[in-house]
Amino acid sequence: MRPAVDRVCLPTRPLLWATLGLLLLTGCLRPAGIRYPGLPALADGALHMVHVDVGQADALLLLYRGKSLLIDCGAPGRDPLRLSQRLPRRLDALLGTRHLDYVLLTHYHQDHVGAPGRRKSQRLPSGLFSLLERDGVTIGTILDRGFWKAGEYVGATQRNYQQAVGGWITSGVVGARREVRAGDRIDLGPGLNIEVVAASGNGYLERLAATYPTFLRDHPPSENDYSIALKVSVGEFEMFTGGDLSGFNVVRRFGGHASSYNDLESLIADRVGAVEIYRVNHHGSRNSTNPCFTAVLHPQVSIFSTGPNGYGHPDPEVFARVAAFGDTYITGGTAADSPPEIVARVVGDDVEVLVAPDGSRFWVNGKAYQSRTDAEEQAAGARAGCVERELALPDLPGLPVIEQDWGTD
């Protein structure tokens, strides 16, 4: 649950400032740095992952052997400054610096990237824009999926990012920008393997555009389908994180606008294999985490990055699907009508993972788990893959249609 200050610890006003330091030492206030003393630490060569509670948005911080990678830095609509209120403080305490070696943007949606400020509306920048323009954060290299789209429509978040990134590099707050593709690796140090298993659909969306040019013009793939997906491994420990990757073939309509979700999960499932931790795709949307993909990953732990929302996240069927395989953690909140068994899994804070230097064990918010070997995962029933051959092209004109209110799901 969210860290709280015990009332018996609160001093009277004249003694407040004199006792703040003592409060930190006695545990009345939780420190912003390592929250689980006694477990393997960064200095020991442990991998530390902070699933940052940014509400209905995404941010995942990886720290390893003195290097850092932030995967997404988004802004929820209900609390757009949440990331900048939380992450810089954690960086100060964990690293003693506000410099990030890498920031990877899985795709161009505001809840994963943020938005620039607007003088006329007096709106402050949020997400990545706030980190770089207000919070004193600097970045060595920004990694993204590139700017290719199957169709002419380019969303506002992509346009904002494209317009800003050159200026960030010129000003020196960002060192460089690089596109990533499937098969690329991100180097944070020996012993840790971070592999890109999907980026911009791995060529599948181009095939759809070539085969169904008229349909894709009228129903362009959702920006979610372009998400960068990563497999993170240390010894036997493995984690998958895939942004808002889709797992079903459906058409979505918002008033007069239509787009398509395309099943990329099945296409990459055998490349991912069984994992210890699954950071659930698309905040637990009903359009992701399909049954086969879940059976292949067979996760011991599933972590949802959600906050109060009107999208139904996490979807009860998705929650039940992953809960059948292991423990579940939810960062910031759920949809208002979520059943009690889902609400009970809300942490109300960051979800922190520590992985032993050899990958044999890991801890989630202090709870210990044992990493499984490939043989143990197979014996536990992990499925090998979702397709015996390359995923066939769907009959796009015959896809089911989902009518939705305006908004990003």
Ring centre gap for [X] and [Y] strictly below 6.0 Å:
| X | Y | value |
| --- | --- | --- |
| Phe293 | Phe240 | yes |
| Phe237 | Phe362 | yes |
| Tyr108 | Tyr161 | yes |

Report the relative orientation of the aromatic rings in His107 and His109; use parallel for angles under 30°, tilted for 30 to 60°, perpendicular for over 60°. perpendicular
[X]-[Y] side chain donor-acceptor pair, cut-off 3.5 Å:
| X | Y | answer |
| --- | --- | --- |
| Glu133 | Trp168 | yes |
| Tyr204 | Asp225 | no |
| Ser266 | Asn290 | yes |
| Arg345 | Tyr329 | no |

Exercise: identify the closest heavy-atom pair between His313 and His283: CB-O, 3.3 Å
Gln56 and Asp79, any side-chain heavy atoms less than 4.5 Å apart: no
Could you tell me if the side chain of Glu317 sits less than 4.5 Å from the side chain of Arg286, heavy atoms only? no
One pair to check against salt bridge (Lys or Arg N to Asp or Glu O under 4.0 Å): Asp144 and Arg178. What are the steps and the verdict? CA-CA 7 Å; Asp144 60 47; Arg178 178 162 63 88; over 6 Å; no
